[in-house]
Amino acid sequence: MNRWDYNGKQVALVDVNNFYVSCERAFNPTIRKKAVCVVSNNDGCVIARSAEVKAMGIKMGTPLFQIRGLLASRGVEVRSSNYTLYHDMSERFIDCLEQFCPSVEQYSIDESFLHFEGFGSGLDAHCQRLIAAVRQCTSLPCCAGIAPTRTLAKAANHFAKTLGVPGGVLQITDEYHRQQILQQLPVTEVWGVGSRLSKRLACLGITTAWDLSASHIPTMRKAFGVVMERTVRELQGIPSVDLAPMDKPKDEIMSGRTFGSKVSSYTGLMASLANHVTLACEKLRAQNGATGRVTISIQPTRQGDYSSPSVSAYSEVRPATDDPQTILAVVRQCLGEIYREGKTYRRASVMLSSIETANKTQSDLFGLATEDRSGINHCLEAINQRFGRGAVTFAATKLSKDWEMKREYLSPSYTTNVKDLPIAKIS
DNA sequence: TCTGGGGTCCTAGGACCC
DNA sequence: TCTGGGGTCCTAGGACCC
């Protein structure tokens, strides 16, 4: 038995190639052979690229306005991000994975860790069948990396994708193989090592994943902390990272967005914040929570190349509540504290924290019951669910339109809106 | 009132992820 | 002129307590 045989436990990282682009292509055959990129909210910057676009040297996060000309001259199809479509496709993807593995741990919208035990040498073939099934059921292309730890599985997946391995699966099977893989992987590509850490690592002569894996753990812990120690162990093949389960109730809930165009009026900011209160409260109620602390922040427009720091204000809410109207009143008061007339702003957000479970919130002193609006809140939610988000909103959200998103290149919601169902023509 | 050390709890901020 | 959003985990430092 070699050291890779952890009671036969293996983890596979399966992720969809260029997820957002692949979703756009799934329902639009005319762009399957074309270069495609997807841009962020407000059509701000590039957040997904097809292989052709990557080959043009266009980097992740490039502002759209800088490359409009280039994209047009190369015939690149641009799409605004369509999260309704992507979330629905993500659910279909995960449904498919669950047919092949009893223990699926969703990590992000397009990635999941699959835990297998006792598969032996048949795991590679099993994952190849899984990938073929995903392709058939959803038309999404994906790859898998298999190893004893999540960090190594990530590394294997990286090469499964970039080397175009047949079948789309790469498994690290022994010590020699691990060394080969890690020696070819720049340390920047290691899961958990970002740009800052990799710069500091370079000063110590650590430039590949293999260098990092061979580093002295106590030294690394002292210099970089426990997160780095765990990364090193994972690279060595010792499972050391645990993920918080996705269905765990959130400790804090945030809703924020950059405006479609600059906002300078109090009512404009309030309109945006009221919208975020509604969205945040939907999430809060979905996890049966109540918030005890509301924080708002507004960010002034950038000065030249530098982004201005955001300004924030918070207030405790006692007793904790899930009522948007109560929260809205708090938000209004906070905005009054930090709003400066004459300044222009680019972004606003609302954060709910100190979240408790709604049915065991402390009642306030003397048991003064706050007005019970749960009936009306459920009613509003039901209307919005049936007729679409925004069918009923607080008056404040309608006072100004400046904050609304710019989405010039939006594709239809093929899978979630009857009006947008694709039409098949038989000729 | 001063002296001190150690523990806990909270918050802000950094780094990272996709 | 135009540069995303939502989250996690960890650490340091301050306040408070005994």
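Every chain is numbered from 1 and lettered A, B, ... according to where its sequence line falls, protein lines coming before strand lines.
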Would you say [Y] and [X] are linked by a side-chain donor-acceptor pair, where the criterion is simply a distance under 3.5 Å?
X: A/Y414; Y: A/E24; value: no
X: A/S40; Y: A/N42; value: no
X: A/Q128; Y: A/D124; value: yes
X: A/T295; Y: A/S312; value: no
X: A/T278; Y: A/N275; value: no
X: A/Q171; Y: A/T173; value: no

Would you kindly give the [atom1]-to-[atom2] distance between [X] and [N], to the nearest whole Å?
X: A/Y20; N: B/dC18; atom1: OH; atom2: P; result: 12 Å
X: A/L284; N: C/dG6; atom1: CG; atom2: P; result: 15 Å
X: A/E111; N: C/dT8; atom1: CD; atom2: C1'; result: 15 Å
X: A/H276; N: C/dG6; atom1: NE2; atom2: P; result: 7 Å
X: A/I355; N: C/dG7; atom1: CD1; atom2: P; result: 9 Å
X: A/R293; N: B/dT11; atom1: CZ; atom2: P; result: 5 Å
X: A/N42; N: C/dG5; atom1: CG; atom2: P; result: 6 Å
X: A/L410; N: C/dG4; atom1: CG; atom2: P; result: 18 Å

*More 5' along DNA chain C: A/M254 or A/S40, using each one's nearest nucleotide?*
A/S40
*Residue met sooner reading DNA chain C from 5', once A/P249 and A/T258 are mapped to nucleotides*: A/T258
_For A/A329, is there any backbone N or O sitting under 3.5 Å from a side-chain donor or acceptor partner on A/Q333?_
no
Which of these nucleotides, [options], is closest to any side-chain atom of [X]?
X: A/K250; options: C/dG7, B/dC18, B/dA12; result: C/dG7
X: A/N41; options: B/dC17, C/dG4, C/dG7; result: C/dG4
X: A/E252; options: C/dG7, C/dC10, C/dT8; result: C/dT8

What is the nucleic acid contact for [X], judged by heavy atoms within less than 4.0 Å: base, sugar-phosphate only, or nothing?
X: A/D43; answer: nothing
X: A/I109; answer: nothing
X: A/Y107; answer: sugar-phosphate
X: A/S81; answer: nothing

*Are A/E111 and A/K161 within salt-bridge range, i.e. N to O under 4.0 Å?*
no
Below 4.0 Å: OP1/OP2 of [N] and any side-chain N or O of [X]:
X: A/R346; N: C/dG4; result: yes
X: A/R347; N: C/dT3; result: no
X: A/R257; N: C/dG6; result: yes
X: A/K154; N: B/dC18; result: yes

*If we take the P atom in both B/dA15 and C/dT3, what is their distance in whole Å?*
24 Å
_Using the C1' atom as the point on both nucleotides, what is the distance between B/dC16 and C/dC2, in whole Å?_
28 Å
*Given the rule in the side-chain hydrogen bond (donor to acceptor under 3.5 Å, both in side chains) test, do A/S50 and A/N18 qualify, once you have shown the distances and angles that lead to the verdict?*
CA-CA 6 Å; A/S50 70; A/N18 322 322; over 6 Å; no
*Quick one: closest heavy-atom pair of A/L170 and A/A156, and the distance?*
O-CB, 3.6 Å
*Report the secondary structure of DNA chain B in dot-bracket form, marking unpaired bases with a dot and bases paired to a different strand with |, and treating Watson-Crick or G-U pairs with both distances under 3.5 Å as paired.*
....||||||||||||||
Might you list the N or O atoms of the protein lying below 3.5 Å from N or O atoms in nucleotides 14-16 of chain B, with each pair's distance?
| unit_1 | atom_1 | unit_2 | atom_2 | d |
| --- | --- | --- | --- | --- |
| B/dA15 | OP2 | A/R196 | NH1 | 2.8 |
| B/dC16 | OP1 | A/G194 | N | 3.2 |
| B/dC16 | OP1 | A/L197 | N | 2.8 |
| B/dC16 | OP2 | A/R196 | N | 3.4 |

_To the nearest 0.5 Å, what is the distance between CD1 on A/I298 and OG on A/S349?_
9.5 Å
